[in-house]
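Below, chains carry the letters A, B, ... as their sequence lines are ordered, and counting in each starts from 1. All of these numbers come straight from a predicted model, not from anything done at the bench.
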Amino acid sequence: MRVDGKGIVDKSVPVSFTFDGTTYRGFAGDTLASALLANDIRLVARSFKYHRPRGILTAGSEEPNALVTIGQGAATDPNVRATVQELYEGLSARSQNAWPSLAFDVMAVNDLAAPFLGAGFYYKTFMWPRAFWEKLYEPVIRRAAGLGGLSGEADADHYEKAYAFCDLLVVGAGPAGLMAALVAARSGADVIIADEDSIMGGRLNAETEQVNGQDGHLWAAEMVAALGAMDNVRLMTRTTVTGAYDGGTFGALERVSHHVKAVPRGGVKETFWRIVARRSVLAAGALERHIAFQNNDRPGIMAAGAVRAYLNRWGVSPGKSVTVFANNDDAHRTAVDLQAAGVHIAGVADSRQDAKPLGDYQLYAGAMVTGTQGRRGLETISIKTARGTERVSTDCLAVSGGWNPTVHLTCHMNGRPAWSPEIASFVPSAGAIPGLLAAGACNGAFSTAECLAEGAKAAHDSLEALGIAGAEYELPQADHATYALEPLWAVPGRGRAWLDFQNDVSVKDVKQAAIENFTSVEHMKRYTTQGMATDQGKNSNVTALAVLSDATGRGIPETGTTTFRPPYTPVALAALGAGAQGKGFAPERLTTSHAQSVAAGAPMIEAGQWYRPSYFPIDGEQTWRQSCDREVEYVRNAVGVCDVSTLGKIDIQGPDAARFLDFVYTNTFSTLKQGRVRYGLMLREDGFVMDDGTTARLGPNHYVMTTTTAAAGEVMRHLEFAAQVLRPEWNVRIMSVTEQWAQFAVAGPRSRDLLLGVLDAPIDNESWPFMSCGAVSLKGVLGRLFRISFSGEHAYELAVPSRYGAALFSLLVARAEAMAGGAYGMEALNVLRIEKGFITHAEIHGRVTAGDIGMDRMVSSKKDCIGKVMAARAGLVDEEREQLVGLKPVGPVKQLTAGAHIYSDGKDPVSAHDQGYVTSVGFSPTLGHFIGLGFVREGLSRHGEVLRMTDHLRGIDTQVELCNPVFFDPEGGRTRG
Amino acid sequence: MRLRCPICGERDHREFYYQGSAVKMDRPDPDANAAAWDDYVYLRDNQPGLLEELWSHDAGCGAWLKVTRDTTTHAVLATALAKEERP
């Protein structure tokens, strides 16, 4: 119910919303939880396993119970905590995990079956018959247990990632965080202060305390306004710092549009931040813990601090007749505040024998709450004292077992928190995160005065470490309330006392784990699922540890904690992966001829990040093979044009460029004449082939290297390594120019005829022999012409600056078509090169030597080169190695497949008879049958032999004849033509 | 993790390519024995703690860096251009 004169919500702005189809009203500034409580809605959810009725427990992001689904269709948001969901006009929330309704849930029958569903039940029951687990038991259990469901539709909202940098990051904007930010900001440091709440101030918004003589929440608002007016401060509300990482990096989730009905046009739903901070102050506060007693999970039983927050911040009393159960002074403030607001206090049970009342209410000192009663909501509680047990009528029980500092972030880099007997909880270990200081309640300092002092000191110490002079400051006057906690974890007695509300773990489950020898805290956690729900056990873990330590007879510090890992609160994958959906998943590199290829109907295939045309279909062709065969024939009989710009192009210049190439290639380039091109082979330092390609000498100190498309990046890095690290004394500079030049292969017997119509000056076989290169001019545009061939035909590659690429491709294709040729794609290029036995990375796959591919003579004996020493090792020059061969099908099946293995003929196709494998295949229209390349043991000396080829994956079995890998024109006459 | 590139300044680790131990800087003479080459190409101590490593600023200037890093804490103690750190 709403309480007059209380709260900082805006009662002049009413807001209507629906819960499970019924319309209710709240105010601007409400959360869904405060608005539901204001409307006396106590039952909001069913528990995960036993479908027990559950209500709102907390007032923050640690909420285990009140999970709802918001929105419809693709914009559905399941498992939203009602305690952090801000109310907006038209908000529509639905309860989860209940059928047919929240009030009458059929699956609540699970609760009756609880004796069979205790800790580890799925390890013990439902075991036989074996097949039933997958088919019956697991699907049924999965359906019965659960949280909200996904819509199954793609999320249409936008998410964003962003980066920020600062001198000091302050995590949390309660009194400690605000004070830290103020001191740092006034000292001139760049400050980011982030808080998960929609307004800053932390507990100051939830208490009736005075700071500097004014209401705490007003003081906080004034300080926030002062910070907001400073250029060196960034205030980030609705932003949860979710993780601490190496080098002062923090992850943070900003909920940008969850407080409005729809994401604004051009806006985003969430932003995932990476914040790099030179220093940081953790001022994350503390979370109140429950006490385990029989049926302590009934709707109406809440955290005492949360009850106070609903009253003071939202002007809501969760009950008309409230009781309190506590083991510390702090919880008494709940009774005091409620009473001052006119709410009836039916009694305060305090487990401490010497407890004193802080107000005019009935106090049960040395008392325990031993049980609760009420259907779907609290009606009475049983209070046991030395005098006996008394039943007290109440619709809200405010419980406090003490406060646990929010140490989570300090554990994200393997730090272990330390046990503090004074507060009976864990506090951060100093230095757990480099550059981070904890201050205030998260450091175990609970009073407002302590928080302000620790915040200011942490900022000062951080600035000192940064060499920034800290500004003078005066600490505001504030309360120094007593806490005086005496630990109470679980009330002894029969019945189920709950620890983890979200996963339905009881004290009995933890004790059972200990009995079954799951005594390590990590084992207990996994056996019982304690702390493994979406709330990660924020308000139950420490209590569960205490119960475990009691059951095992160890102390709590010896029992230890489980490991806190990021994120602090759940983060949607959509936010983590922002920008990586659809086209953002991987960069797309497009050649200058891309639009023409697509317009011509060519299916584009990926080559690394590049997209290249497979083939260019024409009318009447039914299959890709028909197109491919035709394109191969263009090149063999007339002229074909192919975009080869994706090959890596590396410009190498400097007085030492020649000796540098001699060092990275196995063969010699210092002897290459200007205006000539040479094929080069490159090894890794371990002696295996890394890459191959041609390198042209354009000037005395100027070379252009080409690499394969696949290895361009790797080769570039390798060359930089050789130049910078291995030979820094040499004067050579390396630059990738792959994107700067568009390059086209013009191949076939009529290639020169085509070029004569394109180039400004004529060429002939004497001025441009095979393996020559030089500058050319095309209508005044300077280009480069290389007479090289990857098809075995008389061929050229013509390069122009990229901006002319599209125009040149159109021109070349049009000329080729007029000469009975045309464009060709990757399929034809592949067939052409296999016909010539030219290798690609299908062959040089990282495990082959120069000798394996018949190029051992390319390793110069006159000089050192990368990989030379290791290539000479015995195992790499062994004559029994698998060597490159050509393959022809000679069995009844006339097909070859890449990836098939080769076995001794007439033997079973098993590994004992393995002779090698197939790397590349294609149908050769030139020869009229399939051809392939592969590696076969001692293959070089076995040409003519017939072996068995078996593809176990595709179920193909045939006989193959080994042959020279150069199937077509082995003398090379056509190339020189 | 953040690395300070001597040319570009401090950058996120995702701009860098990780090579491994800086042993790769100390290439043996071609006449060195097989054990020396084996050490250079294959053998690494893999001790926890301080390690000298090679990183390439691939998404930046392309410089190869020698980085001194504690593998148990990921603390970066020093970065320098590899070419100025020859053995």
Side-chain angles (χ1 to χ4, degrees), chain A residues 161 163 165 244-250 274-278 412-415 431-435 587 650 663 683-688 713-714 716-730 732-736 861-875, chain B residues 1-4 6-7 9-14 16-20 22-42 54-67 69-77 79-87:
Chain A
K161 58 186 167 194
Y163 302 82
F165 300 83
Y245 304 92
D246 293 318
T249 307
F250 293 83
R274 286 179 178 86
I275 301 172
V276 179
R278 297 172 70 200
H412 287 180
M413 290 171 70
N414 268 344
I433 305 285
I650 299 174
F663 180 55
L683 304 182
R684 303 190 308 234
E685 195 68 276
D686 65 3
F688 292 93
E714 182 191 356
M716 184 67 199
R717 191 186 300 127
H718 174 74
L719 296 184
E720 288 285 14
F721 181 82
Q724 292 178 35
V725 183
L726 299 181
R727 294 292 181 265
E729 65 277 14
W730 288 353
V732 57
R733 289 292 178 275
I734 304 154
M735 172 75 75
S736 167
S861 59
K862 297 188 181 127
K863 62 175 185 70
D864 180 29
C865 73
I866 289 178
K868 184 178 174 181
V869 172
M870 295 301 262
R873 286 179 289 168
Chain B
M1 198 167 83
R2 310 275 298 171
L3 291 175
R4 178 169 296 280
I7 295 170
E10 191 183 278
R11 299 297 179 92
D12 192 89
H13 72 96
R14 281 168 297 178
F16 298 84
Y17 171 87
Y18 179 65
Q19 172 66 51
V23 165
K24 277 207 68 160
M25 295 172 68
D26 194 9
R27 189 173 185 266
D29 191 85
D31 302 326
N33 62 29
W37 276 94
D38 212 30
D39 272 354
Y40 175 66
V41 175
Y42 292 115
L54 284 166
W55 294 70
S56 163
H57 197 189
D58 264 23
C61 59
W64 276 92
L65 311 185
K66 184 172 149 183
V67 175
R69 193 171 68 96
D70 188 327
T71 58
T72 60
T73 64
H74 295 185
V76 177
L77 283 83
T79 55
L81 291 178
K83 66 180 177 186
E84 290 167 3
E85 295 281 314
R86 287 296 303 287

Can you find a heavy atom in the side chain of [X] that is under 4.5 Å from one in the side chain of [Y]?
{"X": "B:Glu10", "Y": "A:Val276", "value": "yes"}
{"X": "B:Tyr42", "Y": "A:Met870", "value": "yes"}
{"X": "B:Asp12", "Y": "A:Tyr163", "value": "no"}
{"X": "B:Trp37", "Y": "A:Arg873", "value": "no"}

Would you mind telling me which of B:Ala75, B:Ala82, B:Ala63, B:Pro28 has the largest number of heavy-atom pairs within less than 4.5 Å of chain A?
-> B:Ala63
What residue, out of B:Arg2, B:Met1, B:Lys24, B:His74, has the most heavy-atom pairs lying under 4.5 Å from chain A?
-> B:Arg2
Against chain B, work out which of A:Arg274, A:Glu720, A:Glu685 has the most heavy-atom pairs shorter than 4.5 Å and name it.
->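 Counting heavy-atom pairs under 4.5 Å, the top option is A:Glu685.
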Taking every heavy atom of A:Phe721 against every heavy atom of B:Trp64, the minimum-distance pair comes out as N-NE1, 3.3 Å
Quick one: what part of A:Tyr245 sits under 4.5 Å from any heavy atom of chain B, side chain, backbone, both or neither?
->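 Nothing of A:Tyr245, per the 4.5 Å heavy-atom cut-off to chain B.
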Which atoms of A:Val725 approach chain B - backbone, side chain, both or neither, heavy atom under 4.5 Å = both
Got a sec: does the CG of A:Asn414 have more than 12 other heavy atoms crowding it under 6.0 Å?
->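 Check fails, neighbour count at 12 or below.
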Pairwise distance [atom1]([X]) to [atom2]([Y]) - rounded to 0.5 angstrom:
{"X": "A:Asp686", "Y": "B:Asp38", "atom1": "CG", "atom2": "CG", "result": "11.5 Å"}
{"X": "B:Lys83", "Y": "A:Glu729", "atom1": "NZ", "atom2": "CD", "result": "12.0 Å"}
{"X": "B:Ser56", "Y": "A:Met716", "atom1": "OG", "atom2": "CE", "result": "9.5 Å"}

Proximal component of B:Leu54, with respect to chain A [non-hydrogen, under 4.5 Å] = side chain
State whether B:Arg27 and A:Asp864 are salt-bridged, where the test is any N-O pair (Lys NZ or Arg NE/NH1/NH2 against Asp/Glu carboxylate O) under 4.0 Å.
->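 Salt bridge flag = yes for A:Asp864 with B:Arg27.
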